[in-house]
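Some notes on the structure that comes next.
Keep in mind it's a predicted model, so treat the numbers as computed, not measured. Below, chain A is the first sequence line, B the second, and so on; all start at residue 1.
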Amino acid sequence: MKVLLRAELYKLLHSKWMWAFAIFTSIFAMFLMAKSKSSENVVQFWAESDFYQMVSVLVVLYGIVIVHEYASGYFKEAVCAGHLKWEVYLVRYFAFFIGALVILVSPCLSALLFSSCIKGNILTVSQLRAFFIGIAFLVLYCVCISAFFMMLAVIVKTYSMIVFSSIFFNMLVVVIYEIIPAESFAGWMKYSFAGIQHTMFFQPMEIEKALLLLFSFLGQSILYTGIGVFYFTKKELR
Amino acid sequence: MECVIETKNLVKRYGKVKAVDGLSMRVEKGSIHALVGPNGSGKTTLIRMLMGTAIPTSGSFSLFNFSGEKDVARQRKRIGTLIEMPQFYNDRSAYENLDIIRRIRGIENKECILDALSIVGLLGMEKRRVGKFSLGMRQRLGIAKALLGNPELLILDEPINGMDPQGVSEMRALLFSLKEQGHTILLASHILKELTAVSTHYSMIRDGRLYDDFSAGELSKRCGEWLEIVTPDAGRAEGLLRGMGENITVEGETVQIFGAVDSGEIIRKLVLGDCVVRGVGVKTNDLESYFIKMMGEKI
């Protein structure tokens, strides 16, 4: 497994796509920061931005990368090289998560740097704490959404299907937001990504809420990974 | 003889179709074992099961005398494979592709990449993107991939697909040299002439079943051997030789004598009988003719 992990990290570090995404999102985040009100610091900016949509789009794009791995024969090669299928799946999931994380955390950090160094909006200790708690939950969110898209990618296996499924998934979220009255939504909305953003950045975190979020994300990740591993080990590689 | 691959009643079913049907065979260490069979006979499915990309419906197999899913999986790192059309990252160079495979296999020595590229004649093209490679070059790169790290066992499925005559000839030389180095090779190919040139063992497969299994030494016996005499007095020669061999046929000026015969005695009889002999030769069927005879079709 260590051998496979090293190979994956090498591949990831040499992935032009990942760095291109990371650079693009970082520049985009700095551009948005530059255009925002001069008094707005990075915490306020991220709390009010629609970051969730960016997360979804980027992870969908990264899902395409997983399907690309099928086409390149990577999974087949790893199994032929003597690695167990569940190891191949978990290592790929880990690499997928790291890739998604680099893409998502780099704009946060570059916006923080831009806000602090260029705009001179130095964060207070409590704001900085809120910022890093926000990042920590972004990591958790990445664990969860990576598990979901990894599972989806190994099941659908084709580019068109992964794109279609991702669009469908995003549309479903939008429809849910639209058709359910805001009041009834508010109860569990706070556990969504947008909810976390607001909670993290504007209010002190309640410990039980944080734990609930933690278990919700981890539970979902375990479920998706379990389904993915089961499917992957039972299916043949062509 | 030590056995590197052994299958026992291996079955692979796709719905109602049995791609492999109770196949039991052995591949011995140091041999070049040819898998011969028409399209859809189950050769690739067998190889895919051995390499873990297809799951057997029933039966079992061992690799290097290890059986059981986990142990077998670990033994696969001792095998270099080329299954069907090799797949690569088209947007990466030949060197990068092999480097990824090297890392996946846990091979520390980086030099093995250039060694493998040199063996298959792709040295100097290592920086070229694989997407720009021709079919034959991709096939060569696939063989280089299989050769990485000098594996003990090579499993090659149609290795000369898409290769030009020079490539085929180089491939034959490569197989000979690998055999000399003591590698074991399981080779599936349609080009029977090439198989005859290098193989030490043959397994004939049809409809997922093992039809015949024999060594290169046994091939001539199975293919059949006969004595062919060219004479303008064919009718007289037939009369003189009656009772010799199992069967005699005449076709124009050619007399064919089948079965175990003493060629010296035959020539003596013909000369004493005043028969003009223009030519004498021992003829054998080749693998292709034998295959057609056995399977009733051409591949």
Under 3.5 Å: donor-acceptor pair, side chain of R74(B), backbone of G82(A):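 Indeed, once roles are kept as given, a pair shorter than 3.5 Å links the two residues.
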
Is it true that a side-chain atom of H83(A) and a backbone atom of A73(B) form a donor plus acceptor pair closer than 3.5 Å?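 It does not hold such a pair.
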
Side chains of [X] and [Y], heavy atoms from C-beta outward: is any pair under 4.5 Å?
X: I104(B); Y: L4(A); result: yes
X: F75(A); Y: T53(B); result: no
X: R6(A); Y: R103(B); result: no
X: K11(A); Y: Y89(B); result: yes

Which bit of [X] is near chain A, if near means a heavy-atom gap under 4.5 Å: side chain, backbone, both or neither?
X: R48(B); result: side chain
X: R102(B); result: neither
X: I101(B); result: side chain
X: N97(B); result: neither

Test: ring pair (Phe, Tyr, Trp, His ring centres under 6.0 Å). Region: residues 93-118 of chain B. Which pairs qualify, not counting sequence neighbours?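 Sorted pair list comes back empty.
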
For F31(A), look at atom CZ and say whether over 12 heavy atoms of other residues, nucleotides or ligands are found less than 6.0 Å away.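 Atom CZ in F31(A) is not crowded, with 12 or fewer foreign heavy atoms closer than 6.0 Å.
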
Could you give the distance from NZ (K77(B)) to SG (C80(A)), rounded to the nearest 0.5 Å?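 The SG atom of C80(A) is 14.0 Å from NZ of K77(B), to the nearest 0.5 Å.
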
When rounded to the nearest 0.5 angstrom, what is the spacing between CD in E77(A) and CD1 in I100(B)?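 Going from CD on E77(A) over to CD1 on I100(B), the span is 10.5 Å.
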
Top contributor to chain A interface from D99(B), I155(B), L50(B) [non-hydrogen pairs under 4.5 Å]: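 Among D99(B), I155(B), L50(B), the one with the most close pairs to chain A is D99(B).
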
Looking at K145(B), E96(B), E69(B), which one has more heavy-atom pairs under 4.5 Å with chain A than the rest?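 Option with the top pair count is K145(B).
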
